[in-house]
J.: 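Would you mind keeping the following structure in view while I ask a few things?
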Amino acid sequence: MKKIIICLFLSIPFLMIAQTQEKYSSWNSLIVDYKLNDNFYLKNETHFRRTNFLSDWQQILIRPSFHYKYNETVDFAVGYTYSRNYRNTRNFNENDTWQQLQLLHKSNKSSFKHRFRLEQRFIENVVQIPNGNYDIDGTDFKMRFRYRFTWSMPLFKITEGKNIGITAFDEIWLNTDKGIVPRSINQNWFYAGLSYPLSKKASIGVGFLDAYAPVGNSNHNFINNNILQTTLKYHL
């Protein structure tokens, strides 16, 4: 499995040599979790995403989930994602259900996470009607697999108990059509940023996210989205 993942990452630059459009965006997230007991907790993510130098909406996303923390290493989750997607032709909604496994391990000061997520996607189908406008015609069903590798570590102390930390991740998204076998690359994300604890319950992160994705079903045209990302996390 490890060799397969490494090969996928190494092949991305060669698979994606094509005409690329550049975008510049700002994505802002609020992530809240609530501990039920030592093993179970609830979590919700709200994402507000704007693009074209903040002039246009790109996406609004809400993602609640239910988690079972087996131990300090293994975390299982099931969740739902609603996203409102903004396009020049017609805005459309997507409703997803998903299952997730996350593995955590540490080495010295570094922490490593492996996140595996399988999504069942219900996407409104946008079609062009005879008068030239666009409308919604039913819902398409697709599945997608995502793997994210995250590395983080503290950099230096600001005050007692408060450290500036660094986080980096790479996530590959794979289309699996209506099954579980990968068929094509859907997206690839790379992120690097800094985090700071505001209090015992809250922290803020700021960084750069590079999101690379094909335009529609094209294998020749891609969007490279350069994103300033801010994330506020709060533990209830």
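Count residues from 1 along the sequence. Hydrogens, waters and symmetry mates play no part in the numbers below; they use all other heavy atoms, side chains included.
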J.: As an exercise, state the distance from CG of Leu101 to CZ of Phe76, rounded to the nearest 0.5 Å.
T.: 5.5 Å
J.: In Å and rounded to the nearest 0.5 Å, what is the OG to CD1 distance from Ser29 to Ile204?
T.: 11.0 Å
J.: Where is the tightest heavy-atom contact between Thr176 and Gly179, given as atom of each residue plus distance?
T.: OG1-O, 2.8 Å
J.: Would a hydrophobic clustering, with Ile, Leu, Val, Met, Phe, Trp and Tyr connected at side-chain separations under 4.5 Å, put Leu36 with Tyr234?
T.: yes
J.: Hey, does the side chain of Asn37 reach the backbone of Asn39 with a donor-acceptor pair shorter than 3.5 angstrom?
T.: yes
J.: Please indicate whether Ile180 has more than 12 foreign heavy atoms, meaning atoms of other residues, nucleotides or ligands, lying under 6.0 Å from its CD1.
T.: no
J.: Scan side-chain atoms only and decide if Trp151 and Ser110 contain a donor-acceptor pair under the 3.5 Å cut-off.
T.: yes
J.: How long is the span from the CD1 atom in Ile60 to the CZ atom in Arg50, to the nearest 0.5 Å?
T.: 9.0 Å
J.: Could you tell me whether the side chain of Glu124 and the main chain of Asn93 form a donor-acceptor pair under 3.5 Å?
T.: yes
J.: Check the pair Lys113 / Gln102 against side chain to side chain contact (heavy atoms under 4.5 Å, CB included), numbers first and verdict last.
T.: CA-CA 7 Å; Lys113 291 181 182 178; Gln102 182 169 270; 4.1 Å; yes
J.: Does the ring centre of Phe66 sit less than 6.0 Å away from the ring centre of Phe40?
T.: yes
J.: Any salt bridge between Arg90 and Asp135, counting N to O under 4.0 Å?
T.: yes
J.: Could you pull out the closest heavy-atom pair between Tyr80 and Trp98, with the gap in Å?
T.: N-NE1, 3.5 Å
J.: Ser65: which residues meet the side-chain hydrogen bond (donor to acceptor under 3.5 Å, both in side chains) condition with it, sequence neighbours left out?
T.: His67
J.: What heavy-atom pair brings Tyr41 and Asp75 nearest, and what distance separates the two atoms?
T.: OH-OD2, 2.6 Å
J.: Taking Asp210 as the fixed residue, which of Asn188, Asn225, Asn224 is the one that meets the side chain to side chain donor-acceptor pair (under 3.5 Å) rule?
T.: Asn224
J.: Atom CD1 of Ile227 and atom OG1 of Thr51: how far apart are they, to the nearest 0.5 Å?
T.: 8.0 Å
J.: Is there a donor in the side chain of Asp96 and an acceptor in the side chain of Gln120, or the other way round, less than 3.5 Å apart?
T.: no
J.: Mind listing the closest non-hydrogen atom pair of Pro214 and Ile185 along with its distance?
T.: CG-O, 4.0 Å
J.: Please check if the distance between the ring centroids of Trp189 and Trp27 is under 6.0 Å.
T.: yes
J.: Counting C-beta onward and ignoring hydrogens, is there a side-chain heavy-atom pair between Val126 and Ile136 closer than 4.5 Å?
T.: yes
J.: Tell me, do Ser195 and Ser203 make a side-chain contact under 4.5 Å, heavy atoms counted?
T.: no
J.: Just so I know, are the side chains of Ile123 and Lys142 near enough to count as touching, which here means a heavy-atom distance under 4.5 Å?
T.: yes
J.: Within the side chain of Asn226, is there an N or O that forms a donor-acceptor pair under 3.5 Å with the backbone of Lys23?
T.: yes
J.: I'd like to check Phe169 versus Leu209 (side-chain heavy atoms, cut-off strictly below 4.5 Å). Are they in contact?
T.: yes
J.: Would you say the side-chain atoms of Gln58 and Arg49 include a donor-acceptor pair closer than 3.5 Å?
T.: no
J.: Can you label the angle between the His114 ring and the Phe149 ring as parallel, tilted or perpendicular, going by 30° and 60°?
T.: tilted
J.: Examine distances only and state if a side-chain atom of Ser199 and a backbone atom of Ala202 form a donor-acceptor pair shorter than 3.5 Å.
T.: yes
J.: Would you say the ring centroid of Phe222 lies under 6.0 angstrom from that of Tyr212?
T.: yes
J.: To check you understand the geometry: which heavy-atom pair defines the closest contact between His235 and Asp33, and what is its length?
T.: ND1-OD2, 2.8 Å
J.: Is Arg115 close to Arg146 at the side-chain level, that is, under 4.5 Å between some pair of heavy atoms?
T.: yes
J.: Please tell me whether Leu30 and Leu61 are part of a single hydrophobic cluster in this structure, the criterion being side-chain heavy atoms less than 4.5 Å apart.
T.: no
J.: Please say yes or no: joined through hydrophobic side-chain contacts below 4.5 Å, possibly via intermediate residues, are Tyr86 and Phe48 part of one cluster?
T.: yes
J.: State, with a plain yes or no, whether a side-chain heavy atom of Ile62 is found less than 4.5 Å away from one of Asn44.
T.: yes
J.: Using only atom types and a distance under 3.5 Å, with no angle test, would you say the side chain of Asn91 pairs donor to acceptor with the backbone of Arg87?
T.: yes
J.: Can you find a pair of side-chain heavy atoms, one from Arg121 and one from Phe141, that are under 4.5 Å apart?
T.: no
J.: Using the side-chain hydrogen bond (donor to acceptor under 3.5 Å, both in side chains) criterion, which residues pair with Asn175? Sequence neighbours excluded.
T.: Ser184, Asn186
J.: Verify, without hydrogens or angle tests, whether Asn71 (side chain) and Thr73 (backbone) share a donor-acceptor contact under 3.5 angstrom.
T.: yes
J.: Do Phe208 and Leu155 share a hydrophobic cluster (ILVMFWY, side-chain heavy atoms under 4.5 Å, transitive)?
T.: no
J.: Which value, rounded to the nearest 0.5 Å, describes the distance between Phe122 atom CZ and Thr139 atom OG1?
T.: 9.0 Å
J.: How far does CZ of Phe116 sit from CG of Leu118, to the nearest 0.5 angstrom?
T.: 12.5 Å
J.: Any side-chain heavy atom of Leu228 sitting closer than 4.5 Å to one from Val206?
T.: yes
J.: Compare every heavy atom of Lys162 with every heavy atom of Leu198, then report the nearest pair and how far apart it is.
T.: O-NZ, 3.1 Å
J.: Restricting to salt bridge (Lys or Arg N to Asp or Glu O under 4.0 Å), what partner residues turn up for Arg84, sequence neighbours left out?
T.: none
J.: Using the rule that Ile, Leu, Val, Met, Phe, Trp and Tyr join whenever any side-chain heavy atoms are under 4.5 Å apart, tell me whether Met143 and Tyr82 fall into a single cluster.
T.: no
